[in-house]
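Remarks on the structure that follows.
In what follows, residues are counted from 1 in the order of the sequence shown. Remember, it's a predicted structure, so these values are computed and weren't measured experimentally.
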Amino acid sequence: MGCLLHRPDRGPGGEEPAAAARALDRKRTRTPGPLAHALSTGLTGPGRVPPSSGCLLPPCPGPAALRMDPGHPAGADPAGGHPAGGPARGQDMLGFLPTLQALWSARQPQQFKEEAWRGFAALDDPRAALLDLLEGRRACWRKGPSLEAWLTRELERWLQARPPPGPSQLTPPPGPSQGGPGLWPLQARAARLLAESPSSLVEPLVSIFQLQDADRGSLLAHVHQLHQEGKFKEAAMLGTKLRLQPELDVEMMSTPLLLQDQLGLVERYVDGFPGLQRRLLALMDSWCRPGFDISVVARRHPQAAPPTLEKLRPRVLTRQVLRLQKRFGLDPAACPHAVAQQRLAALRYLCYKRFVEGSLSQEDWADFVRGLVGSSEWLQGRLLRLLASRADAATVARCALDLSLPEEWLPATAATELRRLRLQGRTAEAPVEDTTGRYYQLPIARKDVRVLASWEELARHEAELLQPGQVVGLDLEWRPSFGTWDPPPASLLQLAVPGRVFLLDLLTLTQPADGQASRALSGLVSRLLSDPSITKLGYGMAGDLKRLAASCPALAHAPEQLQGGLDLLPVHGRIREADGPAPGVDRAPGPRGLSLLVQQVLGRPLDKAQQLSNWDRRPLAEGQLLYAAADAYCLLEVYWALCREPARFRLAGDLARSPEPPGPQEASAPPQQVPVAEVEGAAPEIPARAFRVVCDNMLQGLARSLRLLGADVLALGNSEDHRRAAEVARQEGRIILTSGLPYHTLRAQVGAGRCLWVDCNLKAPQQAKAVLRHFNVRVTHADIFSRCQACNCDQYLKVSKDLMTQLVGLSGQNDPSSAGDKAQSEDTQEPGSAPGETPGLAYDPPCRWLEAAELRASAPATLGNGTRLQLAGVPAGVLRRPGLRHFFCCSGCGKVFWEGSHLGRVVSQFHDVLDGLPGCQEPGPARSPS
């Protein structure tokens, strides 16, 4: 079958071949003629080629022609004569192109090479003939292997293999095939093709037409012409392919692409040119300066200006500039405006922590702010505005005194208070609140908290730390990274053993890196981690060990050395999942992470007031020492409590006998720590399809999981306000699921029992299970995949395999027999695969068959309601899969599903919340697609 978008018996405009040829000859192009028509009908072979004076183009290669592996054919230049009916010497490739197409379709690379090389030798000008061919078949270009790409690559090899003429050989006059002035017009044509060609044609075209040595002026003129025509992407790609970037203005080329959100293309454009990278960074940084209006730039480029400039807002643009500064390895001084904007964001956060949450002391706050503001008058002015909006005059004056801010910048009342404080000679701190009875208290004496800062102290306590069979609590502290890109190194390593806590001063012990203290530290920690008889406890241990390895080069392999480790973070996850909250408890957001675990197990949370303090300060404050010791020692007490009463916390097995090291999922950064799901009351049993909720934009993964199980779920978009959830809940009678701060506001608007706080420290499937158990939702096998996970629609259309194959072919998205596509061996490789074939399980929802008559004639992949089927997500390998009976299409968004192994995985994952599985209690292994 040929290209479905091309009529080989008519010209590009639909006219008859003779008329089309006459019209297009005036434009120095060629059009398909009788030979092309014969090829499309399969009646023309190598021996039936009629003589031709022009370049008559055969049709686009059919699906069978696309299955050939584009590897390099082996063998040398073939010898021997041309077969009967072969090409005579001439000006075009049509004499041997039908034979090449047949060989390419039959997957015979060696014969293809031999025939192509013989054909090239028979042409007067193979370069010009190639351009004729490519220009005529431009509409049929595709990514991946193609007849054009094979033929172009073989011509490149043939030209490279031709021996240079000897002094005694007779050589024809210089022409296009030998280089010289005759090659220049061909180079111009090749450059025009290069702007639109797929990647497989770029390198051979540059080599064949020696574009690297072409007249740079004409190539630059062509790039400028594309740019003036508004083809900004094509101009940048052509300039990149020909390495013209140093001769083009980077601001002119980059600005329209940045407006069109083509930053990736701009990065490739400047790749390998440090000077251009600096100029690009300076351009983008200038857009981050205070008071700059990006709409001014957009008005200067109306052809590129998008309808919205959301992607170029200062906050988003600042992140991109800092990312590029890091990627290009440039000094932060190259982007001062972006750095200032980043520091301003850090100042806002610090003011919130200090004056709203109250979780930072004045000393720590002033220390961090001093490092951020420095001598920048702009940041000093913005800081005073923040202070005036957050604090009273006395507090503003106290902060100005701590930070040495100019008195003349202060409001009159704050300036008066500042003068009074200077006369007193002190800053009056607010009295410290006694929180002894509210938080976990370290159960050991202060003298048993030891700071180790030398190799002698490490050696003195080594035996106590490495005692076989004991349990050691491990924790790490580091300076918060306010306003910096690189994560700061670890400052303190806490090791808790029964009755004692050792605080290892990493800043001192690791300097110098090859000193005696550094060697003693690495030796001690390596032996501790690698001893399987010592149980190492942590909370998010993988993240701590990764930070430790990055801070101390001698401990670079610390994460791999760990044996006998028990991370309490996944244990805490199992506790929260198994222990549903008691009904009727109205628990506001409170302790998180380890503090919450300590509260659940030991009765009182950790006091985290010192968590964001400056851990690089020496000497450490007394409050910091006690906090660090409690952070490590509480791990021991939690562990002992869990081992004594595992049933109380619904834990299976003995933790003491089966410590489990962090799995691969914990090896990444620990998840956000957010309070557990809040329970507001028991509910009667609800069928899954009658369970209607609205999720805020932080719970989109939960929304997909609940839809997968049949629940009716609306999910807020990233740009929608939380108040929208309350509006939807009231109008449609839905329950709100939220993990955001506006919980109490939403709950007040919808009433008790209609708003649930969800713990986003859990993965989406665990969240779904907790929600289903809380609301007593009944999920059956028939509910699985009864709704589309993408759009929440519950109306599917069943499509036969034959009709789907026809639709995919007509759309041109995936050719069912194309060479570049392979059958998917696992459904997880394709997001559209959902329903599965599992022993004892079946998927066949009640829905009607889609008939071809219900599709729009003008757009064959569009339903009658206007929904366009998402055929790009259907791999060709799935269409060739034996035993596949039908497909399912969502009538709401057009997403396509098919039978695979996903159903078995879902049943296995949610087996403990499913009711009444048909045929079996435990799903068997899912069959892999053939």
Side-chain angles (χ1 to χ4, degrees), residues 436-444 448 467-475 494-501 532-542 544 564-585 587 590-608 629-663 666 670-671 673-679 682 757 759 761-763 766-767 769-770 773-774 912-913:
T436 304
R438 292 169 49 193
Y439 296 105
Y440 168 84
Q441 298 298 309
L442 190 65
I444 60 177
D448 292 321
Q467 183 178 347
Q470 73 173 343
V471 181
V472 177
L474 185 150
D475 194 30
Q494 305 107 278
L495 298 176
V497 297
R500 281 196 180 183
V501 179
S533 70
I534 302 176
T535 300
K536 276 74 65 176
L537 301 175
Y539 192 90
M541 187 185 298
D544 284 346
L566 175 60
D567 194 341
L568 295 179
L569 176 60
V571 175
H572 191 195
R574 294 199 295 271
I575 293 174
R576 292 197 304 272
E577 183 180 349
D579 186 15
V585 177
R587 193 183 309 135
R592 305 177 182 183
L594 180 59
S595 179
L596 176 62
L597 176 62
V598 173
Q599 181 186 48
Q600 291 175 317
V601 177
L602 303 179
R604 287 183 292 182
L606 284 173
D607 184 358
K608 307 296 284 187
D631 231 17
Y633 204 85
C634 70
L635 297 170
L636 299 179
E637 294 207 283
V638 167
Y639 173 75
W640 293 329
L642 295 179
C643 289
R644 285 193 304 267
E645 301 178 278
R648 173 188 164 196
F649 303 99
R650 293 178 173 84
L651 294 176
D654 185 357
L655 293 178
R657 295 183 182 177
S658 58
E660 49 188 84
E666 286 82 47
Q673 298 169 351
V674 180
V676 297
E678 179 183 348
V679 172
W757 179 281
D759 181 7
N761 204 12
L762 299 174
K763 295 181 173 64
Q766 296 172 322
Q767 292 174 339
K769 293 178 184 179
R773 290 192 178 105
H774 172 70
D912 50 340
V913 296

Handout entry: Side-chain heavy atoms of I575 within contact of L642, under 4.5 Å
Key = yes
Problem - From CA spacing to verdict: salt bridge (charged side-chain N to carboxylate O under 4.0 Å, His left out), D631, K608 - result: CA-CA 9 Å; D631 231 17; K608 307 296 284 187; 3.6 Å; yes
Exercise for the section: Tell me, please, which residues at least two apart from E637 pass side-chain contact (heavy atoms from CB on, under 4.5 Å). Expected result: Y440, P443, L602, Y633, W640
Problem - Sequence-distant partners of E645, side-chain contact (heavy atoms from CB on, under 4.5 Å), two or more places apart - result: R648
Exercise for the section: Would you mind reporting whether L596 and L606 have side-chain heavy atoms less than 4.5 Å apart? Expected result: no
Fill in the blank from the handout: Hits for side-chain hydrogen bond (donor to acceptor under 3.5 Å, both in side chains) against Q494, two or more places apart or cross-chain, chain-then-number order -> D475, E477
Exercise for the section: Could you tell me the separation between the OG atom of S595 and the CZ atom of R604, rounded to the nearest 0.5 Å? Expected result: 12.0 Å
Handout entry: Closest non-hydrogen atom pair, L636 against G473
Key = CD2-N, 3.6 Å
Problem - N/O donor-acceptor pair under 3.5 Å between T535 side chain and V471 backbone - result: no
Handout entry: CD-SG distance between Q441 and C634, expressed to the nearest 0.5 angstrom
Key = 12.0 Å
Fill in the blank from the handout: Residue set satisfying side-chain contact (heavy atoms from CB on, under 4.5 Å) with P532, at least two apart, ordered chain then number -> Q563
Exercise for the section: Return the minimal non-hydrogen interatomic distance between A496 and V501, and the atom names on each side. Expected result: CB-CG2, 4.0 Å
Handout entry: Worked check of side chain to side chain contact (heavy atoms under 4.5 Å, CB included) between R574 and F649
Key = CA-CA 9 Å; R574 294 199 295 271; F649 303 99; over 6 Å; no
Practice task
Dump the intermediate steps for salt bridge (charged side-chain N to carboxylate O under 4.0 Å, His left out) on D567 and K536, then the final yes or no.
Solution key: CA-CA 8 Å; D567 194 341; K536 276 74 65 176; over 6 Å; no
Completion exercise
In terms of heavy-atom contacts, Q467 and I534 come closest through O-CG1, 3.7 Å
Practice task
Give the minimum heavy-atom separation between V601 and A641, together with the two atoms involved.
Solution key: CG1-CB, 3.5 Å
Fill in the blank from the handout: Looking only at heavy atoms, the pair that brings P498 and Q470 closest together is CD-OE1, 4.2 Å
Practice task
Decide yes or no for L537 and V638: does some side-chain heavy atom of the first lie under 4.5 Å from some side-chain heavy atom of the second?
Solution key: no
Handout entry: Side chains of P605 and V598 in contact at under 4.5 Å (non-hydrogen atoms)
Key = no
Fill in the blank from the handout: Heavy atoms of M541 and G538 approach each other most closely as CE-N, 3.2 Å
Fill in the blank from the handout: Rounded to the nearest 0.5 angstrom, the CG-CG distance for L568 and L594 is 8.0 Å
Fill in the blank from the handout: For D544, the salt bridge (Lys or Arg N to Asp or Glu O under 4.0 Å) test, sequence neighbours excluded, returns none
